[in-house]
Amino acid sequence: MRIRTALTRVAALGAAAVLAATALTACGGAADDAADNPYGLRQPGVIRAGTLTDAPPNVFLKDGEFTGFDNDLLRAVAGKVGLKVEFVGTDFSALLAQVNNRKFDVGSSSITVTEARKKTVDFGNGYDFGYFGLDVPAGSAITGFDQLAGKRVVVVQGTVQDDFATKEKLNPVRVPDYNGAVNQLKAGTADAWIAPAEIGDKSAADSSGKIKVAAKQLSPAPTAYAVAKGNDRLREALDKGLDQVIADGTWSRLQERYYPGRPIPADFTPGSGSVAVPSPSAASANR
């Protein structure tokens, strides 16, 4: 009996030692993970960004590569804080939920900051402004947003243009992507499309005369990158990188490349507002 008791005690002590060693290893692993992946990314060192494929010049695919103002800016911002970016295409209507459930680390798609969207995701500092554009089929008599009552108006689902049309009680036709909106105008199945102005401009220019821009109006809020609720370290890192690419002229050069001649509203300041914004000419001279 004494031998069995002694053996039992030895076994118990051995098991306790194994558990203690396991716990120490686990703690060390957690510390290592935190050091290797301080921003809680799906893959350490790489931002997995959800974006769109069909919204030039903001976000789009060209020769198989994701590009556009928003995506090129995000690459530059990430580089400032030692990160790379992997882009994945998705629909805008699903993007914010996908960011918050960590399918994506960041949402990059000219996302306008709204109070409703803040309930789903957190936003970094604003990096751009935007206008609403009103695209119509060639030959349309529509010349302004005040002429849309009773018309068949198309919008991309979940966008601020969708919110605007709903608020104005236009009973909009919702489509999942920008190609769907363009196709409705070309086919004559929609009277108008409320679009981000830059995307509407490019779509009209590429339509071989089938679509024209009828009007524009300034959007009330800035656009920003979206991160999951509570991921403050990633949000703060993106804000830091954004200020750095503003200061070194990258932001101004990308503005000029993708939106040549577009005036910047006097009351819009990108980033934190704590750094000077070089003019495009000064930014080019300092490259």
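Computed from heavy atoms alone, side chains included, the values below leave out hydrogens, waters and symmetry copies.
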Main-chain N/O of [Y] paired with [X] side-chain donor or acceptor, under 3.5 Å:
{"X": "N71", "Y": "V59", "answer": "no"}
{"X": "R152", "Y": "T189", "answer": "yes"}
{"X": "N101", "Y": "K103", "answer": "yes"}
{"X": "S207", "Y": "A204", "answer": "yes"}
{"X": "N58", "Y": "S110", "answer": "no"}
{"X": "D177", "Y": "G180", "answer": "yes"}
{"X": "D122", "Y": "G230", "answer": "yes"}
{"X": "K229", "Y": "K118", "answer": "yes"}
{"X": "R42", "Y": "R102", "answer": "yes"}
{"X": "N100", "Y": "L96", "answer": "no"}

How about [X] and [Y]: do any of their side-chain heavy atoms sit closer than 4.5 Å?
{"X": "K151", "Y": "L170", "answer": "no"}
{"X": "D243", "Y": "S274", "answer": "yes"}
{"X": "I47", "Y": "L238", "answer": "yes"}
{"X": "D191", "Y": "V153", "answer": "no"}

Is the [atom1] atom of [X] crowded by more than 12 outside heavy atoms at less than 6.0 Å?
{"X": "K240", "atom1": "NZ", "answer": "no"}
{"X": "N171", "atom1": "CG", "answer": "no"}
{"X": "K210", "atom1": "NZ", "answer": "no"}

Least distance between heavy atoms, [X] atom then [Y] atom:
{"X": "P222", "Y": "G126", "result": "CB-CA, 4.2 Å"}
{"X": "I246", "Y": "P278", "result": "O-CD, 3.2 Å"}
{"X": "V155", "Y": "W193", "result": "CA-CD1, 4.4 Å"}
{"X": "V99", "Y": "G107", "result": "CG2-N, 3.6 Å"}
{"X": "T166", "Y": "P172", "result": "OG1-CG, 4.1 Å"}

Please determine whether a side-chain nitrogen of the Lys or Arg among [X] and [Y] lies less than 4.0 Å from a carboxylate oxygen of the Asp or Glu.
{"X": "D206", "Y": "K202", "result": "yes"}
{"X": "D162", "Y": "R174", "result": "yes"}
{"X": "K216", "Y": "D201", "result": "yes"}

Nearest-0.5 Å distance, [atom1] of residue [X] to [atom2] of residue [Y]:
{"X": "D163", "Y": "R117", "atom1": "CG", "atom2": "CZ", "answer": "6.0 Å"}
{"X": "E198", "Y": "Y258", "atom1": "CD", "atom2": "OH", "answer": "13.5 Å"}
{"X": "T143", "Y": "D146", "atom1": "OG1", "atom2": "CG", "answer": "7.0 Å"}
{"X": "F104", "Y": "Q98", "atom1": "CZ", "atom2": "CD", "answer": "4.5 Å"}
{"X": "L41", "Y": "D105", "atom1": "CG", "atom2": "CG", "answer": "4.5 Å"}
{"X": "L134", "Y": "L148", "atom1": "CG", "atom2": "CG", "answer": "5.5 Å"}

Looking only at the side chains, is there a donor atom on one of [X] and [Y] sitting less than 3.5 Å from an acceptor on the other?
{"X": "E65", "Y": "T67", "value": "no"}
{"X": "T250", "Y": "D248", "value": "yes"}
{"X": "R257", "Y": "S252", "value": "no"}
{"X": "S108", "Y": "D70", "value": "no"}
{"X": "N125", "Y": "S272", "value": "no"}
{"X": "T223", "Y": "D128", "value": "no"}

| request: Please report the C-alpha distance between F60 and T53 in whole Å, then the side-chain angles of each, then the deciding distance to 0.1 Å, and finally whether the side chain to side chain contact (heavy atoms under 4.5 Å, CB included) criterion is met. | output: CA-CA 4 Å; F60 61 101; T53 62; over 6 Å; no
| query | Is there a chain of hydrophobic side chains (I, L, V, M, F, W, Y, each step under 4.5 Å between heavy atoms) that links V156 to I194? | reply |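 They do not share one cluster, since no chain of ILVMFWY contacts under 4.5 Å joins V156 to I194.
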| message | Could you list the cluster mates of V46? Members are the ILVMFWY residues connected by side-chain heavy atoms closer than 4.5 Å, either directly or through other members. | response |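 Under the 4.5 Å side-chain rule, V46 groups with nothing.
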| Which of these, F268, W251, Y225, sits in a ring pair (Phe, Tyr, Trp, His ring centres under 6.0 Å) with Y127? |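 When ring pair (Phe, Tyr, Trp, His ring centres under 6.0 Å) is applied between Y127 and each of F268, W251, Y225, only Y225 qualifies.
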| said: For F129, does the six-membered ring have the charged nitrogen or CZ of R262 within the cation-pi criterion, i.e. under 6.0 angstrom from the centroid and within 45° of the normal? | reply: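 Geometry flag: set, cation within 6.0 Å and 45°.
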| task | Specify whether F87 and F66 have parallel, tilted or perpendicular ring planes, treating 30° as the upper limit for parallel and 60° as the lower limit for perpendicular. | result |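 Rings of F87 and F66: tilted, 30 to 60°.
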| Do the ring planes of F145 and F164 sit parallel (below 30°), tilted (30 to 60°) or perpendicular (above 60°)? |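 F145 and F164: perpendicular rings.
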